[in-house]
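Structure first, then comments.
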Amino acid sequence: MGDEHHHDASSLTARGGEGGVAKESFALTVKNNFESLHQRGFAPNDAAALALKIAMGKAELLAAISKARASRAAKASRAAQDSSHVAELIPKVLSSADAVSLVFLAMPEGLSKGNLLGIDSATVKLFYDGVANLGDEVAAAVVRASDRLLSELSQAMPSVPSSTLAHHLPTPPRPSPPPALVTLPAPATAAATSTAAAGAVERGGGAASAGGRDDATATAPGTGTSTGPTPAATDSTGPDTAAPATAATPATGARDTASTAMDVDSPPAHAPSSLAAPPTGTPATETPAAASSAMDIATAATAAVTAGSGSVKRKVDSLAAAATGRGHHDDTEPSPAVMRSLLFLLDSPFLMDPEHHPLYRRLCKLLLDLPPLARQQLVSTLASYEREHLQQLVETAQHVITIQLYESQRLVETVRLATRVLGIFFAANQRGHQLPHSAFYNDAINSDEFVDLEQDYTKWKHRDRYLDPFTLCEHPYILEAASKAAVLQVESRIEMSHRFHDALLGMALRGLTGAHMSNPFCVLIVRRDHIVEDAILQVQQHAGDLKKPLKVKFVGEEGVDEGGVQKEFFQLIIRDILDAKFGMFTYNEVTRSFWFSASPIDMPLEFELIGTVLGLAIYNAHILDMRFPLVVYKKLLGKKTGLEDLAGVDPDLHRGLKGLLAFQGNVEEVYSWSFEASYTDVFGSPATVPLKEGGENLPVTNSNREEFVDLLVDFHLNKLVERQFGPFSHGFLRLCGGAVLRMFQADELELMVCGSPVFDFEELERNARYEDGYSKESPVIKNFWKVVHGLQDAEKRSLLAFVTGCDRAPIKGLASLPFVISRAGPDSDRLPTAHTCFNHLLLPEYSNFDKLHSRLLTAINNSQGFGLM
């Protein structure tokens, strides 16, 4: 096996095409590696040795994968032989973090991608694709090697708090330096090495898989056996302190089992024969420094390595450590080799298999134990990934969470760790903005089958009382908008309950003293024809009671508010306050949304009212027809606004500014703009203001147009409406401000306020219930749904408003809306009626389709007001 492998390694440069072309390509790779390493501060001899080691490792791996692929079409015996060869090679490549780093990461093309960690994602994908094509045995070998690599990484990580407690503990003291990633035993004799190599491949890692590190047992000269590894060189520039060793010659085929796949058995075909076998024991400093070219230096260094000189081997491996950053980084942070290896393992497709979820759990622990700077590097690197690459990582985490949750029926450690790692991906996505928020929702988590959100919220609010403080509320990216809305409703119910019981206790105490008793409810009494004025007055009078359970009463009406009356109250006040006669908002026909009017008149009470109404509706779990652009919700959440947000407010201006930024000609001559903003106020009067001091005399040019766009966008979205949005935001936050609100993204907050834009009445029919003698087979029920499905969209919304008190669909759609139809007596001319508090339609048993159609339309088009039945 040793001789055969020796032949394969030495002939790599002649594979895959004409020998001359392959040699030139290989030489170019070495030259590029040399230049890159030399620019990073390596001495010429050191850079040359390391450059060749990197090139040979990558060439050997890719050639072996290519050969194994081709063998699938060859005879079965040859295919088995090739697969066996690659099965032996790949674990060696993965057997240490340095090996992974050097083969995949230290290449010039990887360093040129602007990626902070220099990982070559395309090469990693090529590797895993190649493994996938080689069958189960090779895949199993890679999994075992990944197991060993995780063990090495665990030892190489700086001492940081446990991942389950890291975010609750103070910064740890400065830890001791991490151990070396690769431990080199002394060079072994040919016979012992061959036996050890065969045993390692057969066992797939042996004790390392069970116990952690993959340490080979080597034979030292004069001893016959060795029970442990000798220490690796600790610094690339330090003295070589390892004991001299007797090296085997190339003819013996001896191999050092602890060396990585980059270690070669013989120089490439173009190496000068005079350099093939320097004297045994040649020190590292004797590598020819006077060589005339990078290739001469590289081949000379390779010859020394191949000859088995222990000191040179240790020197080159020390250079490998330097290339990956060991010994030159802050020892409170993991080395680049560790970081690159973590990213390499994240891409493994084998982690999707439930059998290998324990590996994923260990990988998650390492990722979560990264110190702050390393975590920032990781997020930055993931943010640079292509959309499909990041999506694959997210899907792997989601798959692990779902499978483990269904198997265990609870939030076991693997679920908790994978959820936290999903947060790292979410942070990266926030920078890159590639995946929608919904990509991070987990269906199993949001199904209500495994998680009690009320208990989760309680634990979140009082996490200092729990040994394990993990809660889903702390990781809101995994919760869909409906689940977050449910958490907000839990908080509201708890707050209402406290206020209610405090008021009852106060009533009891005041009853004993004869003092005035306060109402345990917040009761708003308004007139329909003066609803805005009355609401402003009532909100001011009951400012301290707004977080109590709400009751609304319309003057002159007998309806008792069990939820339906307040639904209509919110609908009516929103309708009136958005009316153009108040001049508070302007309507854009293109975006079909309202925006704050640029009014010279201050109306703080009115804007605070609309904010309070919005907050009060959310606090009491009501949906509003509040058609604001998305930027309003971003501003309520304190998010930064930008050019793209302007599209929802003024699409024409947004399009013009995009054109300005993309213009290739002379901006000053063509546009003739200055640093000024023009607008029209609510009364139709035009106005112009400078965007900065002296802006009226400052032209917009190619060099300052980005500044102009930033200032103009900020003016229209913020400064122009500051007097309106300020009171509006204050009114909203007095009821909905707090930690739960910060769980939401802007689009999720909009969905909670306005409900789902999808009206699926087929879903409503499938989930409807029938009482008092009706069933889905009743003729009148069949006619009812036939009528409903034939209505126009506006009429369907009127039906919803008639039955539920709101013409909006719930956040999860009509499928989640309780809808009950009851028999209201025999056939008659009576109109249908409804209990809006309970989404309950009372439908007489009309004798035919036409009568039902006529009576129902009359009812839904003339429904306003409440009475007792």
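Computed from a predicted model, the values in this text were never measured in an experiment.
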For Leu393 and Phe425, which heavy atoms make the closest approach, and how far apart are they?
O-CE1, 3.5 Å
Least distance between heavy atoms, Ile811 atom then Ile623 atom
N-CD1, 4.4 Å
After noting the C-alpha distance and the side-chain angles of Val649 and Phe596, does the key distance pass the side chain to side chain contact (heavy atoms under 4.5 Å, CB included) rule?
CA-CA 10 Å; Val649 176; Phe596 300 90; over 6 Å; no
Checking the side chain of Tyr477 only, and the main-chain atoms of Leu422 only, is there a donor and an acceptor separated by less than 3.5 Å?
no
Determine whether the side chains of Gln434 and Asn429 contain a donor N or O and an acceptor N or O closer than 3.5 Å.
no
Run Thr833 and Leu841 through side chain to side chain contact (heavy atoms under 4.5 Å, CB included) and show every step you take.
CA-CA 6 Å; Thr833 55; Leu841 176 65; over 6 Å; no
So do the side chains of Leu479 and Met743 get within less than 4.5 Å of each other, counting heavy atoms only?
yes
Pair Thr402-Asn442, side-chain donor/acceptor within less than 3.5 Å
yes
Nearest heavy-atom approach of Tyr360 to Ala397 is OH-CB, 3.3 Å
Can a salt bridge be assigned to the pair Glu495 and Arg499 using a cut-off of 4.0 Å between side-chain N and carboxylate O?
yes
Main-chain N/O of Ile494 paired with Ser497 side-chain donor or acceptor, under 3.5 Å:
no
Stepwise side chain to side chain contact (heavy atoms under 4.5 Å, CB included) check, Phe440 with Val394
CA-CA 7 Å; Phe440 296 87; Val394 171; 3.7 Å; yes
Would you call the rings of Trp785 and Phe819 parallel, tilted or perpendicular, where under 30° means parallel and over 60° means perpendicular?
tilted
With no hydrogens and no angle check, do the side chains of Ser483 and Asn446 hold a donor and an acceptor under 3.5 Å apart?
yes
If you take all heavy atoms of Pro818 and Ser816, which pair is closest and at what distance?
CD-O, 3.3 Å
Salt-bridge present (Glu771, Arg823; N to O < 4.0 Å):
no
Side chains of Gln392 and Glu388, donor plus acceptor under 3.5 Å:
no
Phe849 ring centre to Lys786 NZ or CZ under 6.0 Å, with the angle to the axis within 45°?
yes
Between Glu480 and Lys812, does any side-chain N to carboxylate O distance fall below 4.0 Å?
yes
Val613 side chain near Phe570 side chain, heavy-atom distance below 4.5 Å
yes
Please determine whether a side-chain nitrogen of the Lys or Arg among Glu608 and Arg734 lies less than 4.0 Å from a carboxylate oxygen of the Asp or Glu.
yes
For Lys459, all residues meeting side-chain contact (heavy atoms from CB on, under 4.5 Å), sequence neighbours excluded
Tyr466, Thr471
In Å, rounded to the nearest 0.5 Å, how long is the span from CG of Asn783 to CG of Leu856?
11.5 Å
Tightest non-hydrogen contact, residues Ala647 and Thr591, listed as O-CG2, 3.8 Å
When you check the side-chain N and O atoms of Arg361 and Thr414, is any donor under 3.5 Å from an acceptor?
yes
Report the C-alpha distance between Tyr846 and Phe784 in whole Å, list the side-chain angles of each, state the deciding distance to 0.1 Å, and finish with yes or no for ring pair (Phe, Tyr, Trp, His ring centres under 6.0 Å).
CA-CA 10 Å; Tyr846 297 116; Phe784 170 80; over 10 Å; no
Would you call the rings of Phe607 and Phe585 parallel, tilted or perpendicular if under 30° counts as parallel and over 60° as perpendicular?
perpendicular
How about Gln571 and His622: does a side-chain donor come under 3.5 Å of a side-chain acceptor?
no
Is the CD atom of Gln792 crowded by more than 12 outside heavy atoms at less than 6.0 Å?
no
Is there a donor-acceptor pair closer than 3.5 Å between any side-chain N or O of Lys484 and the backbone N or O of Pro476?
yes
cation_pi(Arg528, Phe554) dist<6.0 Å, angle<=45:
yes
Using a strict 4.0 Å threshold on nitrogen-to-oxygen distance, state whether Asp545 and Lys548 make a salt bridge.
yes
Is the charged tip of Lys635 near the ring of Phe725: under 6.0 Å from the six-membered ring centre and within 45° of its axis?
yes
Would you call Asp829 and Arg855 a salt bridge, using N to O less than 4.0 angstrom?
no
What I want to find out is whether Arg416 reaches Glu413 closely enough, with some N-O distance under 4.0 Å, to be called a salt bridge.
no
Kindly assign one of parallel, tilted or perpendicular to the pair His437 and Phe426, based on the angle between their ring planes and the thresholds 30° and 60°.
tilted
Are Phe594 and Phe628 close enough that their ring centers fall under 6.0 Å?
no
Between CG of Leu411 and CG of Leu417, what distance do you get to the nearest 0.5 Å?
11.5 Å
Nearest heavy-atom approach of Gln538 to Val523 is OE1-O, 3.6 Å
Can you tell me how the ring of Phe470 sits relative to the ring of His475, calling it parallel under 30°, perpendicular over 60° and tilted otherwise?
parallel
